[in-house]
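Everything on this sheet refers to the single structure shown next.
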2 protein chains.
Amino acid sequence: MSDLLERLRGRGWRLTSQRRVVAQVLDGDHVHLTADEVHARAALLLPEISRATVYNTLGELVSLGEVIEVSTDGRAKRYDPNAHHPHQHLVCSRCGMIRDVHPSGSPLTDLPPAERFGFTVSTVEVTYRGLCPGCTQTLSS
Amino acid sequence: MSDLLERLRGRGWRLTSQRRVVAQVLDGDHVHLTADEVHARAALLLPEISRATVYNTLGELVSLGEVIEVSTDGRAKRYDPNAHHPHQHLVCSRCGMIRDVHPSGSPLTDLPPAERFGFTVSTVEVTYRGLCPGCTQTLSS
DNA sequence: CTGTATGCAAATCTTTTGCAGACCC
DNA sequence: GGGTCTGCAAAAGATTTGCATACAG
């Protein structure tokens, strides 16, 4: 059922009911929830789960590399469990909505060593910002 | 002296002493200050300037396209006045430090219309994340 | 058992807002 | 002079923290 849970189990992650529901809620494609949304959905399955635990768990999943954190400019961060299929994001500057995109063209060139200034680069993110269809319409009417 | 101020004047921007010091503080290359840092430096030149005014002014400069806002993951956003020379950012995941980079092979392919899902795309950002030299050392020692 | 995870509430940090008074054009 | 900009202080979010208790392994 849950790929995410499966992988976590395999990595020896200590499993509690709270962690299980967080993983369940996040599992799937094109899921981009805020911490608060994760908490709300998790609470439907496990009413007593606390926000702090949701934040802790999300932070851990991000550290483990199982979930990607997407900043949406001022608004709350969103969490994307689709960490194992490289993709980029389209972010609406007005409502924060996110869509996954997989530009067919040139895959992201790594930063040449000469340009790294001593940094240890671990990820490259490409974010396309603009207005989603709904917000484009709202603003032009 | 200040290119930024020069351009703003040319655009008919209403000029007050507060706005002047904010523009002065931001002017230059490789400047990536947080709103709070801008406030602190501005306050050295004009002690009574308020945080609210700094936020207002920064927001306006971003709207005008004279300054770029860089998200640094949880930490406070940073403001980059170098908006007229396209470049990308290297961001340290630990301390939030930012460096400008200009990858030679332009990876900046526009998103093909078929991939836009009805979005009106206005900007493309590429962010390289990792650890800066200082943090790399701290963590390995 | 033992160490880690959880819940709660309060704290922190960043940014926004409302409003009366000040000041640029 | 009129409309915009400021400062202040308080509010609003989002996320983190401290600590006693509960629970997985």
Side-chain angles (χ1 to χ4, degrees), chain A residues 5 8-25 32-43 45-64 66-67 69-79 91 93-96 98, chain B residues 5 8-25 32-64 67 69-79 91 93-96 98:
Chain A
L5 209 44
L8 290 169
R9 209 189 306 271
R11 298 179 66 168
W13 200 47
R14 182 161 174 180
L15 204 45
T16 64
S17 42
Q18 290 80 350
R19 289 171 165 209
R20 188 168 12 248
V21 296
V22 169
Q24 266 170 40
V25 161
H32 306 99
L33 300 170
T34 60
D36 215 56
E37 286 167 352
V38 170
H39 175 252
R41 300 197 184 188
L45 305 171
L46 187 70
E48 67 277 23
I49 193 171
S50 78
R51 239 179 274 285
T53 297
V54 169
Y55 275 105
N56 286 342
T57 305
L58 287 173
E60 230 171 309
L61 291 174
V62 170
S63 300
L64 288 171
E66 293 291 347
V67 164
E69 203 177 65
V70 188
S71 309
T72 58
D73 247 33
R75 230 168 292 278
K77 283 176 265 184
R78 290 180 176 274
Y79 295 86
V91 179
S93 319
R94 186 149 171 278
C95 70
I98 296 181
Chain B
L5 208 45
L8 291 168
R9 211 191 303 271
R11 296 179 67 167
W13 200 47
R14 184 162 173 178
L15 205 44
T16 63
S17 41
Q18 291 81 349
R19 289 173 167 206
R20 188 169 10 249
V21 295
V22 169
Q24 265 171 39
V25 161
H32 305 100
L33 301 170
T34 61
D36 215 55
E37 286 166 352
V38 171
H39 176 250
R41 301 199 183 187
L44 294 178
L45 305 172
L46 186 70
E48 68 276 24
I49 193 171
S50 77
R51 237 178 276 284
T53 296
V54 169
Y55 275 105
N56 285 342
T57 306
L58 288 173
E60 230 170 311
L61 291 175
V62 170
S63 299
L64 287 170
V67 164
E69 204 177 64
V70 189
S71 310
T72 58
D73 249 32
R75 230 169 291 278
K77 283 176 267 186
R78 291 182 175 273
Y79 295 86
V91 179
S93 318
R94 186 151 172 278
C95 69
I98 295 181

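Below, chains carry the letters A, B, ... as their sequence lines are ordered, and counting in each starts from 1. Everything numeric in this text was worked out from a predicted model, so none of it was measured.
Comparing Thr34(B) and Trp13(B) against DNA chain C, the residue whose closest nucleotide sits nearer the 5' end is Thr34(B).
Following rounding to the nearest Å, Arg78(A) (CZ) and dT15(D) (P) show an atom-to-atom distance of 11 Å. Distance Leu15(A) CG to dA22(D) P: 21 Å, rounded to the nearest Å. Atom NE2 of His39(B) and atom P of dT15(C) are 13 Å apart (whole Å). Counting to the nearest Å, the P atom of dT16(C) and the CG atom of Asp36(B) are 13 Å from each other. To the nearest angstrom, P of dC5(D) lies 14 Å from CZ of Arg20(B). Summarising the geometry, the separation between CG on Leu61(B) and C1' on dC5(D) is reported as 14 Å, rounded to the nearest angstrom. In this entry the distance linking CG of Leu8(B) with P of dT4(D) reads 19 Å, nearest Å. To the nearest angstrom, C1' of dT17(C) lies 10 Å from CG of Asn56(B).
For Tyr55(A), no side-chain nitrogen or oxygen approaches OP1 or OP2 of dT16(D) to under 4.0 Å. Residue Gln18(A) places at least one side-chain N or O closer than 4.0 Å to OP1 or OP2 of dG7(C).
Atom CZ of residue Arg20(A) and atom CZ of residue Arg9(A) lie 7.0 Å apart, to the nearest 0.5 angstrom. Note that CG of Leu5(A) is 6.5 Å distant from CD of Gln24(A), once rounded to the nearest 0.5 Å. Leu33(A) CG to Arg78(A) CZ: the interatomic distance, rounded to the nearest 0.5 Å, is 7.5 Å.
At least one side-chain heavy atom of Leu8(B) sits less than 4.5 Å from a side-chain heavy atom of Leu64(B). The shortest distance between side-chain heavy atoms of His32(A) and Tyr79(A) does not fall below 4.5 Å. Using a 4.5 Å heavy-atom threshold, the side chains of Val25(A) and Leu45(A) count as touching. With contacts defined as side-chain heavy-atom distances shorter than 4.5 Å, the pair Trp13(A)/Leu61(A) qualifies.
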Polar atoms only, N or O, under 3.5 Å: list the protein pairs with nucleotides 2-4 of chain C and their distances.
{"unit_1": "dG3(C)", "atom_1": "N2", "unit_2": "Arg14(A)", "atom_2": "NH2", "d": "2.4"}
{"unit_1": "dT4(C)", "atom_1": "O4'", "unit_2": "Arg14(A)", "atom_2": "NH1", "d": "2.8"}
{"unit_1": "dT4(C)", "atom_1": "O2", "unit_2": "Arg14(A)", "atom_2": "NH2", "d": "3.4"}

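Looking at the side chain of Thr16(A), the nearest of the listed nucleotides dT6(D), dT16(D), dA5(C) is dA5(C). The side chain of Glu60(A) has dA5(C) as its nearest neighbour among dA5(C), dC24(C), dT14(C).
Between the His39(B) side chain and the Ile49(B) main chain, a donor and an acceptor come within less than 3.5 Å of each other.
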Quiz item: Does the pair Arg41(B) and Val21(B) meet the rule for a side chain to side chain contact (heavy atoms under 4.5 Å, CB included), with working shown?
Solution: CA-CA 9 Å; Arg41(B) 301 199 183 187; Val21(B) 295; over 6 Å; no
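Contacts with DNA chain D (heavy atom under 4.0 Å) in residues 40-51 of chain B: Glu48(B), Ile49(B), Ser50(B), listed by number.
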